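Predicted model, so just to flag it, every value in this text is computed and none were measured.
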Amino acid sequence: MGQAVDFLVIGQGISGSFLSFELERAGLTHLVIDEALPHTASRIAAGLINPVTGRRLVTTWMIDELLGFAREAYGRLGEALDGSFFSPVTVVDFFPTAQMRLAFLRRLEEGGPYLRVPGDERDQLDRFQYELGYGSIGPCYLVDVPGLLDACRRRMKAAGGLLEERFELRDLIVAGDGVRYRDLEARRIVFCDGAAGFDNPYFSRLPFAPNKGEALIVEVPGLDMKDMIAKMGISLVPWGDDLYWTGSSYEWSFEHGEPTELFRQRTEATLRSWLKLPFRTLEHFAAVRPATLERRPFVGFHPAYPAVGILNGMGTKGCSLAPYFSHALVQHVLTGAPIRADADVKRFTKVLLRQT
């Protein structure tokens, strides 16, 4: 007889890390299985929680509820990790065209609660080249995702709660009373495995919509942008001392998940026309995001295999959605509290039952 736990958690991205923490808070034993890969969607994400989205500047789904929950959840996790990985920032949205400026001002007039126009729209001209002014978006929050995941991983390893290896689906046995994986037994298993979930036979019929993103890490000495994110087509996000994440692309059709020279050339050209300070590129990476056709996550347990669960499909909103739905999933297990109908994976019951 091998180790027995309440849960197996597959994947240690932002969803798996928060689920592990919520299971710990609930007193549920668990083991996280994760292969240490350097360029997953979570690890190369900018980490921005933005209350508006898209060119039309619409309010992000659930954001009024998510912002407050995120502040508390990242605070609790930061205390457990003895660190701070969550900070307030303002997005400075430079208008690339007159149409974009008009769209921003129109949304502001309509009562967009997260939009502002500064008193002096020329106060960034010492650092940036722009002609049509800018608006600001806030409150926004920036998550140090690599730092958070690394700290979570160290804590898991110290507690004996992490198995660092590739999870092999062929070794999983699902029984009526739980699951077995090699010499491990668990009452439930939850897949938080991002893009790997596209090929999971239990959930492969779900309407995933793989989306590729690329980004650069650039060094810009003297930019001094610690509490601000600049945006003009691409975003420039603080990443460390004089370091900035810049991107990202959103590709729905792509031949491979690797970085491309075309993205690098285009992004560097944009930076040269926008920044008034010299920069140099240090890193270039890419990953495939686990997005969905509905732009809603997949949360809950399989209708035919109640021991098999999923927490995936966060797309570009993982930093805001993962804390909330990790908590919701654990409360569903503990108390039977319903998962939101538009996030519960059982909304696809008919589709999922066809593959059983």
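- Remark: of the listed residues Tyr324, Tyr74, Phe69, Tyr74 is the sole one forming a ring-ring contact (aromatic ring centres under 6.0 Å, His included) with Phe18.
- Summarising the geometry, atom CD1 belonging to Ile229 is positioned 7.0 Å from atom OG belonging to Ser235; distances are rounded to the nearest 0.5 Å.
- Residues Val237 and Leu48 fail the side-chain proximity criterion, which asks for heavy atoms closer than 4.5 Å.
- The side-chain contact (heavy atoms from CB on, under 4.5 Å) test with Val218 singles out one residue from Leu223, Thr267, Leu275, Leu236, and that residue is Leu236.
- Residues Tyr134 and Phe95 place their aromatic rings such that the two centres sit no closer than 6.0 Å.
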Set out, in order, the CA-CA distance, both residues' side-chain angles and the distance that settles side chain to side chain contact (heavy atoms under 4.5 Å, CB included) for Tyr305 and Val179, then state yes or no.
CA-CA 10 Å; Tyr305 304 102; Val179 302; over 6 Å; no
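- Under a hydrophobic clustering in which Ile, Leu, Val, Met, Phe, Trp and Tyr are joined whenever their side-chain heavy atoms come within less than 4.5 Å, directly or via other members, Phe198 and Ile189 fall into the same cluster.
- Under the 4.5 Å side-chain heavy-atom criterion for grouping Ile, Leu, Val, Met, Phe, Trp and Tyr, Leu132 is connected to Val117 within one hydrophobic cluster.
- By the 6.0 Å contact criterion, NZ on Lys346 is enclosed, its count of non-hydrogen atoms from other residues, nucleotides or ligands being greater than 12.
- Annotation: cation-pi pair Arg295/Trp61 absent, no NZ/CZ under 6.0 Å from the ring centroid and within 45° of its normal.
- Under a 4.0 Å N-O distance rule, the pair Glu110/Arg107 qualifies as a salt bridge.
- With salt bridges taken as basic N to acidic carboxylate O contacts below 4.0 Å, one links Glu294 and Arg347.
- Under a 3.5 Å cut-off, the side chain of Thr335 and the backbone N or O of Gln331 do form a donor-acceptor pair.
- A salt bridge is absent between Arg101 and Glu131: the closest approach of a Lys/Arg side-chain nitrogen to an acidic carboxylate oxygen does not fall below 4.0 angstrom.
- A donor-acceptor contact closer than 3.5 angstrom is absent between the side chains of Ser273 and Gln129.
- Glu219 and Arg280 are joined by a salt bridge, as a carboxylate oxygen and a charged side-chain nitrogen come within less than 4.0 angstrom of each other.
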Does Leu28 form a side chain to side chain contact (heavy atoms under 4.5 Å, CB included) with Arg187? I'd like the steps, not just the answer.
CA-CA 10 Å; Leu28 295 169; Arg187 290 195 296 126; 3.8 Å; yes
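- In this structure, Arg205 forms no cation-pi arrangement with Phe348, as its terminal cationic atom is not both closer than 6.0 Å to the ring centre and no more than 45° off the ring axis.
- Side-chain contact between Pro303 and Leu353 is present, with at least one heavy-atom pair separated by less than 4.5 Å.
- When the side chains of ILVMFWY residues are joined at heavy-atom separations under 4.5 Å, either directly or via intervening members, Phe203 and Ile339 end up in two distinct hydrophobic clusters.
- Contacts classified as ring pair (Phe, Tyr, Trp, His ring centres under 6.0 Å) and involving residues 146-185 (residues at least two apart or in different chains) are given here: Phe167-Tyr181, Phe167-Phe191.
- Between Arg182 and Asp171 there is a salt bridge, since at least one side-chain N of the basic residue sits less than 4.0 Å from a carboxylate O of the acidic one.
- Comment: Asp150 engages Arg43 in a salt bridge, judged by a side-chain N to carboxylate O separation of less than 4.0 angstrom.
- Side-chain atoms of Ser248 and Arg289 include a donor-acceptor pair closer than 3.5 Å.
- Residues forming a side chain to side chain contact (heavy atoms under 4.5 Å, CB included) with Met228 (at least two apart in sequence, or on another chain): Val92, Gln124, Arg127, Phe128, Met225, Ala230.
- In this structure, the side chains of Met156 and Ser17 come closer than 4.5 Å at one or more pairs of heavy atoms.
- A distance-only check finds no donor-acceptor pair linking the side chain of His39 to the backbone of Phe285 [under 3.5 Å].
- In this structure, the separation between CG on Leu57 and CZ on Arg55 is 10.0 Å, given to the nearest 0.5 Å.
- The CD1 atom of Ile310 lies 7.0 Å from the CG atom of Asn200; values are rounded to the nearest 0.5 Å.
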Please walk me through it: do His302 and Val345 pass side chain to side chain contact (heavy atoms under 4.5 Å, CB included)?
CA-CA 7 Å; His302 197 290; Val345 73; over 6 Å; no
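- Annotation: Asp126, atom CG; neighbour count of heavy atoms from other residues, nucleotides and ligands within 6.0 Å is above 12.
- In the model, Ser326 has no side-chain atom that pairs as donor or acceptor with a side-chain atom of Glu22 under 3.5 Å.
- Ser42 OG to Leu149 CG: the interatomic distance, rounded to the nearest 0.5 Å, is 6.0 Å.
- The hydrophobic cluster containing Leu206 also contains Leu172, counting ILVMFWY residues as joined when their side-chain heavy atoms lie under 4.5 angstrom apart, directly or transitively.
- Within the structure, salt bridge (Lys or Arg N to Asp or Glu O under 4.0 Å) contacts touching residues 262-272 (residues at least two apart or in different chains) are Arg264-Glu268.
- Between Phe298 and Phe208, the ring center distance clears the sub-6.0 Å criterion.
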Side chain to side chain contact (heavy atoms under 4.5 Å, CB included) assessment of His30 paired with Asp6:
CA-CA 6 Å; His30 63 284; Asp6 293 317; 6.0 Å; no
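- A salt bridge links Asp342 to Arg340: one of the charged nitrogens lies within less than 4.0 Å of a carboxylate oxygen.
- Atom CD1 of Ile137 is separated from atom NZ of Lys231 by 6.0 Å, given to the nearest 0.5 angstrom.
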